[in-house]
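Report on one structure; see the data block that follows.
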There are 2 protein chains.
Amino acid sequence: METSLSLERTEPEAPAKSGMQGDEAAAGGTLTATLYDRLRAEILEGRMTPGAKLRLEELRGRYGVSLSPLREALSRLVAEGIVVAESQRGFTVAPVSRAMFADVIRLRTTLESMALRDSIERGGDEWEVGVVAALHRLKKVESLRSAEEGSQPWEHLHREFHLALVGACDSPLLLQFCATLRDLNDRYRRLFLANYVLDRNVATEHQSIADAALARDAERAVTLLGEHIQRTARNVFMVLEKQAAGAVSHSA
Amino acid sequence: METSLSLERTEPEAPAKSGMQGDEAAAGGTLTATLYDRLRAEILEGRMTPGAKLRLEELRGRYGVSLSPLREALSRLVAEGIVVAESQRGFTVAPVSRAMFADVIRLRTTLESMALRDSIERGGDEWEVGVVAALHRLKKVESLRSAEEGSQPWEHLHREFHLALVGACDSPLLLQFCATLRDLNDRYRRLFLANYVLDRNVATEHQSIADAALARDAERAVTLLGEHIQRTARNVFMVLEKQAAGAVSHSA
DNA sequence: TTCACTAATATTATCGATTTTTTATTGACA
DNA sequence: TGTCAATAAAAAATCGATAATATTAGTGAA
């Protein structure tokens, strides 16, 4: 119930972040940055139980580092709302809730629509190329079937596609907000739709959105994007409601 | 040029934050939280030169603490985009730019309008009371004249007023985004309009916005709020443009 | 049995010192 | 005089240890 969103961007130190979730921690940087990337990915990819205690000693052992960089990485995640800090009581993985998810979906739909509209309006050739390319790569992976929705490569390309769509939006801030919301959205999807069997043709949806966008039909593109987001959300809600309150996830 | 916004909220450890900027670090908590509050306030209140290097040794001396809590506090600010970290090169105060400010203003206007609309729609008695009370307190301070715009108490009450306006919006996330944007906005105002002589009746503007909101005239309220934000922004832009590129600020 | 209190244990928060990397300085060489 | 390289100084990142705080276990009284 309490998440903060941070919005960073392309900051020098933490090379990964939103853009490249799959890609493991970029070496070379500081230990803090590496840990930040790894922890962030673990939580956002649904590999950590919401609300779970983050024992420092355990993490220290697991990653083979000292407390300092560990606490620094956690501090960043706290500011992002992905981790919660309680005075004198350490850190815990941010909890999940129906209300929070509903909020995320609502805002994401609104903001990403704004960004998409803007992008369609000012997008040039490079933008069009980017969208087409991203869609192509995504479709390729989907056709392979070796990777169903939720697989690492699919996740990455799916993110890239949505990124490409709004790529021509000229508000860095808005794009950051969108990225944050998408991250939060995806966390829920991965947590609650882990082994989910597709009941619809997601690929077709992406195709339609891209088509509308490239045809500069903002109205239609925004509508389709909204439906796209809502559909997945609906499925998450169903699972979410089946599980009384707690967050029944996987590993710890 | 690159800011991240964080959005936190009412997190247990850092009691202050957006809500109570003036109020110094709440004791009792951890050292990290205290430092976070102090540094955040210093930067946001315009007391630190944008882009300035944050020498750890110096800060350590100034606050009489060790590196650990200091670095943790800075890490949080990094995630918020208020401080920039460069790998192996330490921390610097986030820079300012015309483009960034323009982005902040644009998004703030949009998002705060959304929040205000929502608030007007669902606000109940308590909300109305809150708005009236906040406006009253603000007017009182303004009439005192002992404190012109920019004074500590004025800053606080001004923030409270804007907060009260959108108080009935039921999207915590949206409110956090708004708070973040308001913080960034205010940073520019304080940096560039430090000793600014009012050329307009800000008090009247607040009154009008409140009136429209309480009359449930969302359209009018949103319009007035937008103009209110734009007017101050215009003044900031003027100063901003007079100063070639650099940020000519005060201390530090 | 349950509550309150104290002792023991575990965990976190902070510190001081060490290692690593960057930045500044100096001097050789063209 | 200017450039480059080697070195010295400064700064940042990381570590291991200590102090502070919370949690658990245990004991005795109601």
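As the structure is a computational prediction, the values presented were derived from the model and not from experiment.
A/R62 and A/E58 are joined by a salt bridge, as a carboxylate oxygen and a charged side-chain nitrogen come within less than 4.0 angstrom of each other. We find that A/D37 and A/R40 are not joined by a salt bridge, their nearest charged nitrogen and carboxylate oxygen being 4.0 Å or further apart. Salt bridge absent: B/D183 and B/R187 never bring a charged side-chain N and a carboxylate O closer than 4.0 Å. A salt bridge links B/R106 with A/D170; the closest basic N to acidic carboxylate O contact falls under 4.0 Å. Salt bridge A/E57/A/R55: absent, no basic N to carboxylate O contact under 4.0 Å.
The CD atom of A/E57 sits 12 Å away from the P atom of C/dA10 (whole-angstrom rounding). A straight line from CG of B/L56 to C1' of D/dA13 spans 9 Å, rounded to a whole angstrom. Counting to the nearest Å, the C1' atom of C/dA10 and the NZ atom of A/K53 are 11 Å from each other. Atom CG in A/L70 sits about 11 Å away from atom P in C/dA13, given to the nearest Å. In this entry the distance linking CZ of B/R55 with P of C/dT23 reads 12 Å, nearest Å. B/E86 has its CD atom 15 Å from the C1' atom of D/dA13, to the nearest Å.
Counting non-hydrogen atoms under 4.0 angstrom, A/L74 reaches nothing in the nucleic acid.
In this structure, the separation between CG on B/L111 and CE on A/M114 is 6.0 Å, given to the nearest 0.5 Å.
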Just the atom pairs and distances: protein N or O near nucleotides 14-19 of chain C's N or O, under 3.5 Å.
residue : atom : partner : partner atom : Å
C/dT14  : OP1  : B/L31   : N            : 2.4
C/dT14  : OP2  : B/T32   : OG1          : 3.2
C/dC15  : OP2  : B/S66   : N            : 2.8
C/dC15  : N4   : B/S68   : OG           : 2.9

